[in-house]
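Reviewing the structure listed below.
The residues of the chain are indexed from 1 along the displayed sequence. Atoms within a ligand are numbered from 1 in the order they appear, just like the ligands themselves.
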Amino acid sequence: MASNAGQSTISLETIVSLAKRRGFVFQSSEIYGGLNGCWDYGPLGVELLRNIKDAWWRAMTYRDDVEGIDAAILMHPRVWEASGHVQNFSDPLIDNKTSKSRHRADHLIEGEIEKLRKKGRTEKAAELEAKLAAATDPSQLYQLIIEHEIKDPVSGTMDWTEVRHFNLMFKTFIGPLEDTSAVVYLRPETAQGIFVNFDNVRQSTRQKIPFGIAQIGKSFRNEINTKYFLFRTREFEQMEMQFFVKPGEDDKWYDYWLGERWRWFQDLGMTMERLRTKPHDKLAHYAKAAVDIEYEFPFGWGEIEGIHNRTDFDLSRHSEYSGKKLEYYDDQTKERFVPYVIETAVGASRSTMAFLVDAYREEEVNGEKRAVMRFHPRLAPYKLAVLPLVNKDGMPEFATRIYHDLQRHFKTFYDDSGAVGRRYRRQDEVGTPFCTTVDGQTLEDGTVTVRERDSMEQVRIPADALRTYVAERVGL
Ligand code: ATP
């Protein structure tokens, strides 16, 4: 049986191709040549995504101190002024006039640092890294590109434009007039829907601090370079929670939520050697502390979640911009204060990609290759496959009865085509944790075999006990 080790050899192409072939993820608008940075979830992908969101929702909101909401994607444009997105949510962009290719200026410089390191010129690399960290405006980035003679990877020329800031928010218009008074944005994060509802939730639920508000929803960013499949896309889903605490208690809650979020990945069977935490070197001006949870993807380490201490920045700014005081009055201590916020922000789409990559194994069984998705049973799209051994002697009828009965309780698949060994392999490849086979003995004594995906071991149990057997092991 293969271990988690060997996994690093998996290429992204293997995952992308399996995802398409088996109906996890398709390119958006594929028949028209696709739309860059957008993906569609197929029949199995949508189950996986929903199971991930469900696992998060249960972990985060089925508790006393966190409430859920679902805010609108379109919000009042002042929200994005208050949050700082109109002014600051931008990437430095540079174009090459010869190749017409567009790049993030900071990424080009990071690429150069990497090259210098590979050539063993560590001092020069460190010097450039320090200059990049200190660069605060686009002209400084431009200067670094010119000084270090960084060439366009496409044309090999230095035929660069100036560096400009490019806001990542998608703009659209409310109503028939496309003028500035009608501008709205597709939200680039779900968090602001939570901040603006702080008082609504507190008053309607009578929650006392500390408490949190959680939300799952779509976000949109006009990323300059989309890449690595679901990792960096223009439309994606986030799962965010803002936990409101008394200033002074924020460090304690920051540590607490980092621990909780780390455990969530562990509980869902993520390979822990492929996870690490990485504190931010550079903090946003409002943040007191920030750490990323990173996963080791086939292309290297990448952030899947951020845990941030956002201080009282957000509520203070919304108080200032809306004119409505977002404060908290503690009736025990008689204190009035603006709560601090500990935020946990994870991508549902990005973590779907991490769970897809993490689950994939290639193993050798009796001299044959088997590809298996070792999803945690709670995340697996199908929980059970029902297979009649042969299509005669009453086996299909018995198997169909089981299938219809269990389909009402959990996602079940029916497969009666091909040799049973091949049917097992097909289920392994999509990560179905259990397969049940109806055979000759079933018709005599009402028992069925149940084969477990990872160990491939089989047990025989009464068909009547199947529902409980699977539900218990899947954690339903
Ligand atoms: P990055 O540095 O990778 O752009 P970020 O630090 O801007 O990410 P946050 O704003 O903290 O990300 O968003 C929280 C989470 O949302 C990220 O950890 C990631 O999982 C997800 N996310 C952010 N941008 C994208 C994107 N373009 N595509 C898919 N998921 C994303």
(message) Quick test of your reading of the model: are Asp314 and Arg317 salt-bridged, counting only N-O distances below 4.0 Å?
(response) no
(request) Determine, for Glu362 against Arg370, whether the closest basic-nitrogen to carboxylate-oxygen distance falls under 4.0 angstrom. (result) no
(message) Using side-chain heavy atoms (C-beta onward) and a distance below 4.5 Å, is Gln242 in contact with Ile342?
(response) no
(message) Check Arg374 with Asp358, please: is the shortest side-chain N to carboxylate O separation under 4.0 Å?
(response) no
(message) Using a 4.0 Å cut-off on heavy atoms, what residues surround ligand 1? Order them by chain and number.
(response) Arg221, Glu223, Leu230, Phe231, Arg232, Thr233, Phe236, Gln238, Glu303, Ile304, Glu305, His308, Ala345, Gly347, Arg350
(request) Among residues two or more places apart or on two chains, list those pairs meeting ring pair (Phe, Tyr, Trp, His ring centres under 6.0 Å) that have a residue in residues 128-184. (result) His103-Trp160
(message) Side chains of Glu240 and Thr190 only: does a donor on one sit below 3.5 Å from an acceptor on the other?
(response) yes
